[in-house]
Amino acid sequence: WLFDAGHSDAVAEWELATAAGRLVIDRSFIVGDGVRWIVDYKTSQPHGDETLAAFYARESALYRPQLESYRDAIAALDTRPTRLALYFPGVPGWYEL
């Protein structure tokens, strides 16, 4: 679903210039209900015996400010509702913030 070519306005490595500097968004697209998704790819993996839930909680706390800055930059260009997620290719599933 994440890589579905049928999504509207699908972009990868989307560069945006803001007053705070340059942002590069890994993936963004709009789904049928008009919601824009902003997805950031991470190579992180759980530590040792860390549960998947604890891993997702740790990573979301770490990267939430980054994704919120992406959302805020896009909000200046697009008024659609936005959802944020982290995608970990080496871990089953992905995590919505």
Side-chain angles (χ1 to χ4, degrees):
W1 178 81
L2 176 62
F3 300 107
D4 186 339
H7 294 310
S8 298
D9 291 344
V11 290
E13 298 297 316
W14 186 13
E15 290 190 46
L16 296 173
T18 70
R22 180 177 150 269
L23 301 175
V24 180
I25 298 170
D26 290 336
R27 177 124 173 102
S28 181
F29 52 87
I30 299 167
V31 293
D33 60 1
V35 172
R36 176 178 293 281
W37 280 88
I38 299 169
V39 182
D40 199 47
Y41 307 156
K42 299 297 179 194
T43 58
S44 313
Q45 297 210 1
H47 297 305
D49 62 350
E50 184 177 36
T51 67
L52 200 53
F55 167 73
Y56 285 145
R58 177 174 54 80
E59 292 293 302
S60 66
L62 181 62
Y63 292 111
R64 181 177 301 278
Q66 176 185 356
L67 271 87
E68 288 176 345
S69 72
Y70 294 169
R71 180 199 58 211
D72 295 347
I74 291 173
L77 308 170
D78 187 348
T79 59
R80 290 181 181 99
T82 304
R83 295 172 76 173
L84 308 173
L86 295 170
Y87 172 60
F88 304 90
V91 177
W94 65 319
Y95 187 79
E96 181 177 356
L97 279 72

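Arg58 and Pro46 make their closest contact through NH2-CA, 4.3 Å (heavy atoms, listed as atom of the first residue, atom of the second, distance). When every heavy atom of Gly34 is checked against every heavy atom of Pro81, the shortest pair comes out as O-CD, 3.8 Å. Of all heavy-atom pairs spanning Leu67 and Ala85, the tightest one is CD2-O, 3.3 Å. Across all their heavy atoms, Ser28 and Arg36 have their closest contact at OG-NH1, 2.8 Å. Smallest separation of non-hydrogen atoms from Ala73 and Thr18: CB-CG2, 3.8 Å.
A ring-ring contact (aromatic ring centres under 6.0 Å, His included) with Trp94 is found for one member of Tyr87, Phe3, Trp37 and no other, namely Trp37.
Distance check, rounded to the nearest 0.5 Å: OH of Tyr63 to OG of Ser69 gives 13.0 Å. To the nearest 0.5 Å, atom CG of residue Asp40 and atom CG of residue Asp26 are 4.5 Å apart. With values rounded to the nearest 0.5 angstrom, Arg71 atom CZ is found 10.0 Å from Leu97 atom CG. Atoms CD1 and OG1, on Ile74 and Thr82 in that order, are 6.5 Å from each other to the nearest 0.5 Å.
In this structure, Tyr95 and Tyr56 have parallel ring planes: the angle between them is below the 30° cut-off, well short of the 60° mark.
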Can Leu77 and Leu16 be said to form a side chain to side chain contact (heavy atoms under 4.5 Å, CB included), step by step?
-> CA-CA 10 Å; Leu77 308 170; Leu16 296 173; 3.9 Å; yes
Can you list the steps and then say if His7 with Val31 is a side chain to side chain contact (heavy atoms under 4.5 Å, CB included)?
-> CA-CA 6 Å; His7 294 310; Val31 293; 3.8 Å; yes
Just do the side chain to side chain contact (heavy atoms under 4.5 Å, CB included) check on Lys42 and Leu62 with the steps written out, would you?
-> CA-CA 11 Å; Lys42 299 297 179 194; Leu62 181 62; over 6 Å; no
Take Leu52 and Val91 through the test side chain to side chain contact (heavy atoms under 4.5 Å, CB included) and record every step on the way to the result.
-> CA-CA 9 Å; Leu52 200 53; Val91 177; 3.2 Å; yes
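A salt bridge does not link Arg27 with Glu13: every distance from a Lys NZ or Arg NE/NH1/NH2 to an Asp or Glu carboxylate oxygen is 4.0 Å or more. Using a 4.0 Å cut-off between charged side-chain N and carboxylate O, Glu15 and Arg22 make a salt bridge.
For Phe88 and Tyr41, the gap between ring centers reaches or exceeds 6.0 Å. Proximity of the aromatic rings of Phe29 and Trp1 is defined here by a centroid distance below 6.0 angstrom, and this criterion is met.
A donor-acceptor distance shorter than 3.5 angstrom exists from the side chain of Tyr70 to the backbone of Val24, with no hydrogens or angles considered. No donor-acceptor pair under 3.5 Å is formed between the side chain of Glu68 and the backbone N or O of Pro65.
Looking only at side-chain heavy atoms (C-beta outward), Val39 and Leu86 stay at 4.5 Å or farther from each other. Residues Ile30 and Arg80 form a side-chain contact, since some pair of their non-hydrogen atoms from C-beta on lies under 4.5 Å apart.
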